[in-house]
Amino acid sequence: MEFLSLIYVVPALYFCFLIWKLFDQKKDQECYILDYQCYKPTQDRMLGTELCGNIIKRTEDLGLNEYKFLLKAIVSCGIGEQTYAPKNVIEGREASPTLNDAISEMEEFFNDSIAKLLARSGISPSEIDILVVNISMFTSLPSLSSLIINRYKMRHDVKVYNLTGMGCSATLISLDIVKNIFKSQKNKLALLVTSESLSPNWYPGNNRSMILANCLFRTGGGAILLTNKRSLKNTSIMKLKCLVRTHHGARDESYNCCQKMEDEQGRVGFYLDKALPLVATRAFVDNLREISPKILPIRELLKFLVVSLFFKKLKKISSCLGFLPTKSSLNFKSGVDHFCLHTGGKAVIDGVGKSLNLSEYDLEPARMTLHRFGNTSASSLWYVLGYMEAKKRLKKGDKVFMISFGAGFKCNSCLWEVMKDVGEANVWEDCIHDYPPQSLANPFMDKYGWINEVEDSNSSEFRNFQSEMN
């Protein structure tokens, strides 16, 4: 009998051991944020109304219609007067950038934000095991990741990933790389560096679909310290719960809607197609379809199933008429406490808010980030998160949903769990008390609104306006 008991007991114990080992290994595969740092350029790089007007006026080949278009774009995009531009734009050299302009722009960010992050966290550069850098529209030789390694004298065996061409959604792509590495390697520290190089990417022409990018993008960047060390769990800020990436690059319309290209005169710029809103909606819907079951409670999913079946015929009719439903019948607030949205522009924030049935309170962090810092490309999510932290919104156990869009066309999203109450001083420290302001009205209309009244490009008033900077 004892022998028979052993036959049953030993396999059972071994099976229990395997289960325990599986769960124990999973604890080493978590992805935690230890700390992050957003970049704030110096005050002399700030773009006020007067300076923005002067930059526009010195752009060649702009006619009356282009000025009217730019005025409308600047006033309606949601960007305020305290955003930042690269040094060569401030100095009036945006149309003839040098290689040194682009490298210096990145060095300023690296030397400021990475240094502050490592100093505050108490982490030495030699402790970094993984370095992921994403700068979409500029590459150098040696790479920008090599520049960081040389500047901070990192170890010779640090694992390096240098990403380009990933667009505004590059942060979550980089995060996905780190997450997958953490699944197979224990006790690692990763540094994720995200920004965009604007110095060499100013468009000096008059194509409306390309000059729009000059109005939207601003200088910024973020450095994020990540780990899967169990020993650092209690000091971490947030834990990654899930991440979903959606890529519609196989569709020609999606691929062609955001491109760096030449205009008819051979001037390089970033092209934004009119199909962009529809393309973004399709990617967004597909992304939500995949991530919803991962982040929402079962009761909400069952409720959605019933509603979907009930309105199935109605949706078929809508599709036949060419209407794509964009409003989700899912209540995302049942599984999410805070929404960290990409600051692609006022229209992007409004569109996502409408689709997810979000309130103005939910959209406030993204709106205020767009107003204060502009669209800082892939790093914008961290400025939005910083706003939530500065407002002391993030409490232990809260869930934060990040959504980003990028050229390709891509929509990426992820869910974080807040590990402790956070409210440390960050990039918003000196101005958070001013937000939200009573009005987000742009003073451009007050100063340049008279352009809308001009009907003839040969009028003396318009000619004087053009000649002011000549």
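Atoms considered below: every heavy atom in the structure, side chains included; atoms not considered: hydrogens, waters and symmetry mates.
- Of all the heavy atoms in L381 and H342, the pair that sits closest is CD2-N, 3.7 Å.
- In this structure a side-chain-to-backbone donor-acceptor pair under 3.5 Å is missing from T343 to L370.
- Shortest non-hydrogen contact noted between L296 and G335 is CD2-N, 3.9 Å.
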| query | When you look at L363 and F339, which way does the side-chain contact (heavy atoms from CB on, under 4.5 Å) test go after all the steps? | reply | CA-CA 7 Å; L363 298 178; F339 295 84; over 6 Å; no

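- S195 places a side-chain N or O within 3.5 Å of a backbone atom of G220 that can act as its donor or acceptor partner.
- In this structure the side chain of K40 never reaches within 4.5 angstrom of the side chain of R45, judged on heavy atoms.
- You'll find the side chain of V418 reaches within 4.5 Å of the side chain of M238, heavy atoms only.
- Ion pairing of D286 with R282 is absent here, as no side-chain N (NZ or NE/NH1/NH2) approaches a carboxylate O to less than 4.0 Å.
- Checking side-chain atoms of K274 against main-chain N and O of S209 turns up no donor-acceptor pair under 3.5 Å.
- Side-chain contact check for I74 versus I79: every heavy-atom pair is 4.5 Å or farther apart.
- Listed here is the closest heavy atom pair of K392 and G423: NZ-O, 3.1 Å.
- Within the 4.5 Å cutoff, no side-chain heavy atoms of S380 are placed close to those of S377.
- In terms of modelled atom types and a separation under 3.5 Å, the side chain of Q29 and the main chain of K183 share a donor-acceptor contact.
- A donor-acceptor contact closer than 3.5 angstrom links the side chains of T42 and D44.
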| task | Before giving the answer on side-chain contact (heavy atoms from CB on, under 4.5 Å), spell out for L415 and V400 the whole-Å C-alpha distance, their side-chain angles and the decisive distance to 0.1 Å. | result | CA-CA 6 Å; L415 186 74; V400 181; 5.9 Å; no

| request: Could you walk me through whether T164 and T139 pass the side chain to side chain donor-acceptor pair (under 3.5 Å) test, one step at a time? | output: CA-CA 7 Å; T164 61; T139 57; over 6 Å; no

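- With rounding to the nearest 0.5 angstrom, the NZ atom of K391 is 10.0 Å from the NE2 atom of H433.
- Ring geometry, Y39 versus F109: the interplanar angle falls from 30° to 60°, so the pair is classed tilted.
- In this structure, R367 fails the cation-pi test against Y387, since its NZ or CZ atom is not both closer than 6.0 Å to the six-membered ring centre and inside 45 degrees of the ring normal.
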| query | N111 and R151: side chain to side chain donor-acceptor pair (under 3.5 Å), yes or no, with the steps? | reply | CA-CA 8 Å; N111 294 342; R151 165 66 177 81; 2.9 Å; yes

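- Rounding to the nearest 0.5 Å gives a distance of 9.5 Å between CD1 of I403 and SG of C414.
- Between D35 and R120, at least one side-chain nitrogen of the basic residue sits less than 4.0 Å from a carboxylate oxygen of the acidic one, meeting the salt-bridge criterion.
- Comment: R93 engages D101 in a salt bridge, judged by a side-chain N to carboxylate O separation of less than 4.0 angstrom.
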| request: Report the C-alpha separation of N256 and Q259 in whole Å, then their side-chain angles, then the decisive distance to 0.1 Å, and conclude whether the side chain to side chain donor-acceptor pair (under 3.5 Å) test is met. | output: CA-CA 6 Å; N256 294 322; Q259 291 191 62; 3.2 Å; yes

| message | Determine whether F405 and F284 satisfy the following criterion, ring pair (Phe, Tyr, Trp, His ring centres under 6.0 Å), listing intermediate values before the conclusion. | response | CA-CA 8 Å; F405 301 90; F284 184 42; 5.7 Å; yes

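- Atom NZ of K72 has 12 or fewer neighbouring heavy atoms from other residues, nucleotides or ligands inside a 6.0 Å radius.
- For the 3.5 Å distance criterion, the side chains of T171 and S174 fail to qualify, holding no donor opposite an acceptor.
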| task | Apply side-chain contact (heavy atoms from CB on, under 4.5 Å) to the pair I128 and Y152, showing each step before the final yes or no. | result | CA-CA 10 Å; I128 302 297; Y152 291 97; over 6 Å; no

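- Relative ring orientation between F373 and Y84 is described as tilted, the plane-to-plane angle lying within the 30° to 60° band.
- Side-chain contact of E389 with Y36: a donor-acceptor pair under 3.5 Å is present, judged by distance alone.
- For the side-chain contact (heavy atoms from CB on, under 4.5 Å) criterion with L175, the lone passing option out of L243, N134, V132, N412 is L243.
- In this structure, S121 contributes its side chain and L118 its backbone to a donor-acceptor pair below 3.5 Å.
- In summary, E108 and K87 engage in a salt bridge, as defined by a charged side-chain N under 4.0 Å from a carboxylate O.
- Nearest heavy atoms, G205 versus I211: O-CG2, 3.2 Å.
- Checked by atom type and distance alone, the side chain of S146 never pairs as donor or acceptor with a backbone atom of P142 at under 3.5 Å.
- Taking 4.0 Å as the cut-off between side-chain N and carboxylate O, K333 and D362 count as a salt-bridged pair.
- Looking at R393, its side chain never comes within 3.5 Å of a backbone N or O of A390 through a donor-acceptor pair.
- When all heavy atoms are compared, the tightest approach of S334 to E300 is OG-CG, 3.5 Å.
- K159 places a side-chain N or O within 3.5 Å of a backbone atom of D157 that can act as its donor or acceptor partner.
- Of the possible donor and acceptor atoms, none in the side chain of N206 sits under 3.5 Å from a partner among the backbone N and O of L62.
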| Between V160 and I130, is a side-chain contact (heavy atoms from CB on, under 4.5 Å) present by the stated rule, with each step listed? | CA-CA 6 Å; V160 181; I130 303 156; over 6 Å; no

| request: Start with the C-alpha distance between Y271 and D263, add both sets of side-chain angles, then the distance that settles side chain to side chain donor-acceptor pair (under 3.5 Å), and finish with yes or no. | output: CA-CA 9 Å; Y271 172 78; D263 65 10; over 6 Å; no

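- In summary, D398 and K395 do not engage in a salt bridge, as defined by a charged side-chain N under 4.0 Å from a carboxylate O.
- L189 places a side-chain heavy atom less than 4.5 Å from the side chain of L34.
- C77 approaches L216 most closely through the heavy-atom pair CB-CD2, 3.9 Å.
- Side-chain contact check for E105 and S199: at least one donor-acceptor pair (N or O, by modelled atom type) lies under 3.5 Å.
- Taken from CD in E30 to NZ in K233, the straight-line distance is 7.5 Å, to the nearest 0.5 Å.
- With values rounded to the nearest 0.5 angstrom, C242 atom SG is found 6.5 Å from K294 atom NZ.
- In summary, K354 and D350 do not engage in a salt bridge, as defined by a charged side-chain N under 4.0 Å from a carboxylate O.
- The shortest distance between side-chain heavy atoms of L144 and F138 falls below 4.5 Å.
- Not a single donor-acceptor pair under 3.5 Å links the side chain of Y32 to the backbone N or O of M419.
- Y161 places a side-chain heavy atom less than 4.5 Å from the side chain of I181.
- Residue Q265 qualifies as enclosed at atom CD: its count of foreign heavy atoms under 6.0 Å is above 12.
- Between W428 and Y435, the distance separating the two ring centers is shorter than 6.0 angstrom.
- Remark: E94 engages R58 in a salt bridge, criterion side-chain N to carboxylate O under 4.0 Å.
- Residues L47 and E81 are not in side-chain contact: their nearest non-hydrogen atoms beyond the backbone lie 4.5 Å or more apart.
- Residue K420 places its NZ atom among more than 12 non-hydrogen atoms of other residues, nucleotides or ligands, all under 6.0 Å distant.
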